[in-house]
Amino acid sequence: MELELPDGKILSLPDDATGADAAAAIGSGLARAALAVKVNGEVRDLARPLPEPSDHDGPAKLEIITDRSGEEALQLIRHDAAHVLAAAMMELYPGVKISIGPPIENGFYYDFDFPDGVALSEADFERIEAKMREHIAADEPFVREDVPARDALDRFLREDQDYKVELIEDLVRNDGVPTVSLYTNGPFTDLCRGPHAPSTKRIKAFKLQSVAGAYWRSDSNRPMLTRVYGTAFFSDKELQAYLERVEQARARDHRRLGPQLGLFNFSDVAPGMTFWFPPGTQVFNSLVALSREMGVPRGYTEVKTPQLYDSSLWKTSGHWDKYQEHMFITESADTPMGLKPMNCPGHCQLYSLQPHSYRDLPIRYSEPGLLHRNELSGALHGLLRTRNFAQDDAHVFCTEEQVQDELEACLDFAYETYAIFGFDVRLELSTRPDERLGSDEQWDTAEGHLIQVLDRKGLSYDINPGDGSFYGPKIDLHMTDSLGRSWQIGTVQLDYNMPMRFGLTYTGADNVEHQPVMIHRALMGSYERFIAILVEHYGGELPVWLTPVQAIVLPIADRHLEYARSVRDQLRAADARVELDERTESVGRKIRDAELRKIPYMLIVGDAERESENVDVREHRQGRLGSMPVGDFERRLEEQVKSRSNP
RNA sequence: GCCGACGUAGCUCAGCUGGUAGAGCACUUCACUCGUAAUGAAGGGGUCCGGGGUUCGAGUCCCCGCGUCGGCUCCA
């Protein structure tokens, strides 16, 4: 057979050649370094024969995977490490049932079901890692075996490996596979489709990281398994560097920085709800102001609707049936009422309280209203998932003909907003969920609209099947936090259901009543979540226009206080957010404290500055900018605020 | 919600096998009046998350509750 190498050379090999043979044919050094081969994009074990060449496609493209192949190579040894972990667990915990153990981004995991009474904790890692090291030192080969599904099934039935049995049964039932592959390393054999490196010794550095619960097949009705997370690298140095990166990322965590910088904090008396200190409130309000400012030229008008509604409204909207478990329900005079988890039903009600002509559309109601959602306690996560929050929320009521333009305008608005922060978002199209309102035809239309606008704008997106809202499909805009976890920021949702359920109408040019279409959209999403992302994105060093304290005046000695106050007052009169450090402390101390607070500018004033009516400007982390008239600094600040420049 | 871990001063943490609660920072007071990342000294501050239990005695051991953290998506 003939194979094409990455440099274009053609390699000729006997028809029964393996990946290892191919590597050896290229060079003996490469043969030693090889972990696997990649044939036409498929990564395969070295020991497996290369796939039969197909006649019409020309020579297959061959690549040798070594420890320098990046992510693909890491995935191999991480998958290997998962098997070594399982091998160790089988020996240390007799009777343990194994399920699945894939490589994931930055590492791997393996899910186990322990016999009753056994609970694994991180304290056990040392013992498990020691056992894993034994298997690695023994350099056990990974041996692949393709066996009839029936044989594999018998084997795992004999071993009481229920989860493996279920996996094989599903493979046979759903995919009709005749054979499955088994991989053996040392005493351990696992159902696995591979591929693997040739032997355990290729795992040069690994570490178990955490233990967590995970439902079998992600289904909360099925047993909770014990998941062990770990990672592996080709050298201890890379492993240490990775662990250090994770540690540094933790320092950017908004849950650490927020309280540290005096922005917000949480209390046990209101789990999942934020207490905002004045500086945090300032940041919050600046973002609300940004949304208002950008909304006006785009035709948005602000409204205010109630917090608490009679259950009849939630029954009309469908929330009572489809969303009640996430709602805070209360009652007044024996009437059940619900705190709003979304603004849309209130906006529909508002729309219905006035007559509308086609000439009025599109109507764009915005409201940064406070929402309450009763999230599962285990889902709460700092500012990123709270039980009360406000959004830069708006609802567009328009005609069917206007839908495409309005959707496009929403996406443009979103990208213009993110550009201010230098954010790069990832798009997801979330389609119809199992629990939903409306007909399939409606969903076809709505999903079709979203796909059309995405394609028209040439935006690339992932599909998230079944994750749409119960009233309509949506385009979600995602960002990642400091630890790489993805969070939904913005959303653009298309809804035919609410207008219908609320009986919303407008009078058309034909003098007949028509039903408007509704677009739900939030761009920053929840202000709470957005601030979390911002704090982590900027490492707490917010841009001048957003930061709560833009400058702090630092007098050298107490005799400069009077001048310092006049500087502060002058700048405050120009709308700058300026503080004065009145403490009787050394200059070094005042500077240090201001640096730790990440205040962008320190204005040092002493005898010389009082004399010349200057301020000596020091920039956060940059150092001295030099002495300048107060007016010059004022203009510098104004310019940065106006341009919303990023640091 | 579920699995595991954790919860000691405002913050970061120490407190060995049960025997009278500690440090640094922060805070208060006093002295120093200082030129670009910590002046010195003294002092105040605790429901050891809450409730129950074991014990002569519980921050420490056991049970229950609350909260926080990691995870429950990445398909053998």
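Chain A is the first sequence line, chain B the second, and so forth, proteins listed ahead of strands; every chain is numbered from 1. Bear in mind that the values here come from a model prediction, so they are computed numbers and not experimental data.
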**Pair partner, B:rU54 [Watson-Crick or wobble, under 3.5 Å]** = none
**Message:** Any residue in residues 99-114 of chain A with a heavy atom nearer than 4.0 angstrom to RNA chain B? Just list them by number, or reply none.
**Reply:** A:I100, A:P102, A:Y109
**Message:** For B:rG35, does the base pair up with any side-chain atom of A:E609 as donor and acceptor (N or O, under 3.5 Å, distance only)?
**Reply:** yes
**Message:** Once you apply a heavy-atom cut-off of 4.0 Å, does A:G378 come out as touching a base, just sugar-phosphate, or nothing?
**Reply:** base
**Item:** G-U wobble or Watson-Crick pairing nucleotide for B:rA41 (cut-off 3.5 Å, both distances)
**Value:** B:rU29
**Asked** If only side-chain N and O atoms of A:T584 are considered, is one of them under 4.0 Å from the OP1 or OP2 phosphate oxygen of B:rU33?
**Response** no
**Asked** Which base sits across from B:rA23 as a Watson-Crick or G-U pair, both distances under 3.5 Å?
**Response** B:rU12
**Prompt:** Do other residues, nucleotides or ligands put more than 12 heavy atoms under 6.0 Å from the CZ atom of A:R485?
**Reply:** yes
**Asked** Nearest to the side chain of A:E585, which nucleotide is it out of B:rG4, B:rU39, B:rG35?
**Response** B:rU39
**Request:** Could you tell me whether A:R78 sits above the aromatic face of A:F108, with NZ or CZ closer than 6.0 angstrom to the six-membered ring centre and within 45 degrees of the axis?
**Result:** no
**Request:** Using a 4.0 Å heavy-atom cut-off across all strands, classify A:R624 as base, sugar-phosphate, or nothing.
**Result:** base
**Item:** Side-chain N,O (A:T226) to OP1/OP2 (B:rC3) below 4.0 Å
**Value:** no
**Request:** Mind checking A:N464 for me? I need base, sugar-phosphate or nothing, with any heavy atom below 4.0 Å counting as a touch.
**Result:** nothing
**Asked** Counting only Watson-Crick or G-U wobble pairs whose two distances fall under 3.5 Å, which nucleotide matches B:rG18?
**Response** none
**Request:** Kindly indicate whether the side chain of A:E562, heavy atoms from C-beta on, has any atom under 4.5 Å from the side chain of A:R610.
**Result:** no
**Message:** Suppose you measure atom C1' in B:rG15 against the same atom in B:rA37; what distance do you get, rounded to whole Å?
**Reply:** 33 Å
**Prompt:** Once you round to the nearest 0.5 Å, how far does CD of A:E375 lie from CZ of A:R387?
**Reply:** 8.0 Å
**Message:** Run the side-chain contact (heavy atoms from CB on, under 4.5 Å) test on A:H79 and A:C192 for me, step by step, so that the C-alpha distance in whole Å, both residues' side-chain angles and the decisive distance to 0.1 Å come before the verdict.
**Reply:** CA-CA 10 Å; A:H79 194 179; A:C192 175; 3.4 Å; yes
So which protein nitrogen or oxygen atoms get under 3.5 Å of nucleotides 9-16 of chain B's nitrogens or oxygens?
none

Scan nucleotides 65-67 of chain B against the protein and return all N/O pairs shorter than 3.5 Å with their distances rounded to 0.1 Å.
residue	atom	partner	partner atom	Å
B:rG67	O2'	A:D268	OD1	2.7

**Prompt:** Should A:D581 and A:R597 count as an ion pair when the cut-off is N to O under 4.0 Å?
**Reply:** no
**Prompt:** So do A:I203 and A:M132 actually touch side chain to side chain, heavy atoms under 4.5 Å?
**Reply:** no
**Item:** Cation-pi, A:Y93 ring and A:R127 (6.0 angstrom, 45 degrees)
**Value:** yes
**Item:** Same-atom distance (C1') from B:rG65 to B:rU29, integer angstrom
**Value:** 43 Å
**Item:** Members of residues 210-217 of chain A that approach RNA chain B, where some heavy atom sits under 4.0 Å away
**Value:** A:S210, A:V211, A:A212, A:G213, A:A214, A:Y215
**Asked** So what does A:E595 hit on the nucleic acid, given a heavy-atom distance under 4.0 Å: a base, only sugar-phosphate, or nothing?
**Response** base
**Asked** Could you give the CD1-to-C1' distance, from A:I591 to B:rA37, as a whole number of Å?
**Response** 7 Å
**Message:** By the 4.0 Å heavy-atom rule, please label A:Y229 as base, sugar-phosphate, or nothing.
**Reply:** sugar-phosphate
**Prompt:** NA contact type, A:R485, heavy-atom cut-off 4.0 Å: base, sugar-phosphate, or nothing?
**Reply:** sugar-phosphate
**Request:** Determine, for A:E541 against A:R621, whether the closest basic-nitrogen to carboxylate-oxygen distance falls under 4.0 angstrom.
**Result:** yes
**Item:** C1' atoms of B:rA14 and B:rA9, separation to the nearest Å
**Value:** 13 Å
**Base-contact (B) and sugar-phosphate-only (S) positions in nucleotides 24-30 of chain B, heavy-atom cut-off under 4.0 Å, - elsewhere** = --S----
**Request:** Could you tell me whether A:D154 and A:R150 make a salt bridge, using a distance below 4.0 angstrom between a side-chain N and a carboxylate O?
**Result:** yes
**Item:** Ion pair A:R155/A:D151, N-O distance below 4.0 Å
**Value:** no
**Message:** So A:A379, base contact, sugar-phosphate only, or nothing? Heavy-atom distance under 4.0 Å.
**Reply:** base
**Complete:** On RNA chain B, more 5' by nearest nucleotide between A:G382 and A:M224 is A:M224
**Asked** Under 4.0 Å between a Lys/Arg side-chain N and an Asp/Glu carboxylate O for A:R173 and A:D170?
**Response** yes
**Asked** Are any of the side-chain nitrogens in A:D219 or A:R217 under 4.0 Å away from the carboxylate oxygens of its partner?
**Response** no
**Prompt:** Are the side chains of A:L371 and A:P341 in touch, meaning some heavy atoms are under 4.5 Å apart?
**Reply:** no
**Item:** Between B:rA31 and B:rU17 - C1' atom distance, rounded Å
**Value:** 48 Å
**Request:** Both distances under 3.5 Å, Watson-Crick or G-U wobble: report the partner of B:rG46, or none.
**Result:** none
**Asked** Between CZ of A:R618 and CD1 of A:I599, what distance do you get to the nearest 0.5 Å?
**Response** 12.0 Å
**Item:** Residues from residues 171-189 of chain A lying under 4.0 Å of RNA chain B - heavy atoms
**Value:** A:L171, A:V180, A:S181
**Prompt:** In whole angstroms, how far is the P atom of B:rG1 from the NE2 atom of A:H326?
**Reply:** 12 Å
**Message:** Nearest to the A:S121 side chain among B:rU33, B:rG4, B:rG35, which nucleotide is it?
**Reply:** B:rG4
**Request:** State the pairing partner of B:rA5; accept Watson-Crick or G-U wobble contacts with both distances under 3.5 Å, and report none otherwise.
**Result:** B:rU68
**Request:** In whole angstrom, give me the gap between the C1' atoms of B:rG18 and B:rC13.
**Result:** 22 Å
**Request:** Would you mind reading off the distance between A:K598 atom NZ and B:rA37 atom C1', rounded to a whole angstrom?
**Result:** 13 Å
**Prompt:** For the ring pair A:H560 and A:Y563, is the centre-to-centre distance below 6.0 Å?
**Reply:** no
**Asked** What integer number of Å spans the P atoms of B:rU28 and B:rC56?
**Response** 48 Å
**Request:** Could you measure between the two C1' atoms, the one in B:rA58 and the one in B:rG51, and give it in whole Å?
**Result:** 15 Å
**Request:** Can you figure out which of B:rA37, B:rU33, B:rC74 approaches the side chain of A:S218 most closely?
**Result:** B:rC74
**Asked** Using a cut-off of less than 4.0 Å, is there contact between a side-chain N or O of A:H381 and OP1 or OP2 of B:rG71?
**Response** no
**Message:** Strictly below 4.0 Å: does A:R255 bring a side-chain N or O up to OP1 or OP2 of B:rC69?
**Reply:** yes
**Message:** Around atom CD of A:E105, are there more than 12 heavy atoms from other residues, nucleotides or ligands closer than 6.0 Å?
**Reply:** no
**Request:** First locate atom NZ of A:K207, then atom CZ of A:F233, and finally report the distance between them rounded to the nearest 0.5 Å.
**Result:** 12.0 Å
**Message:** Quick check on RNA chain B: between A:D219 and A:H83, whose nearest nucleotide comes earlier from the 5' end?
**Reply:** A:D219
**Request:** Pick the P atom in B:rC32 and in B:rU68, then give their distance to the nearest Å.
**Result:** 49 Å
**Complete:** When rounded to whole Å, the NZ to P distance for the pair A:K164 and B:rC75 reads 13 Å
**Prompt:** What nucleic acid atoms does A:A123 come within less than 4.0 Å of, heavy atoms only: base, sugar-phosphate, or nothing?
**Reply:** nothing
**Request:** Indicate, yes or no, whether a donor-acceptor pair under 3.5 Å links the base of B:rA76 to the side chain of A:R193.
**Result:** no
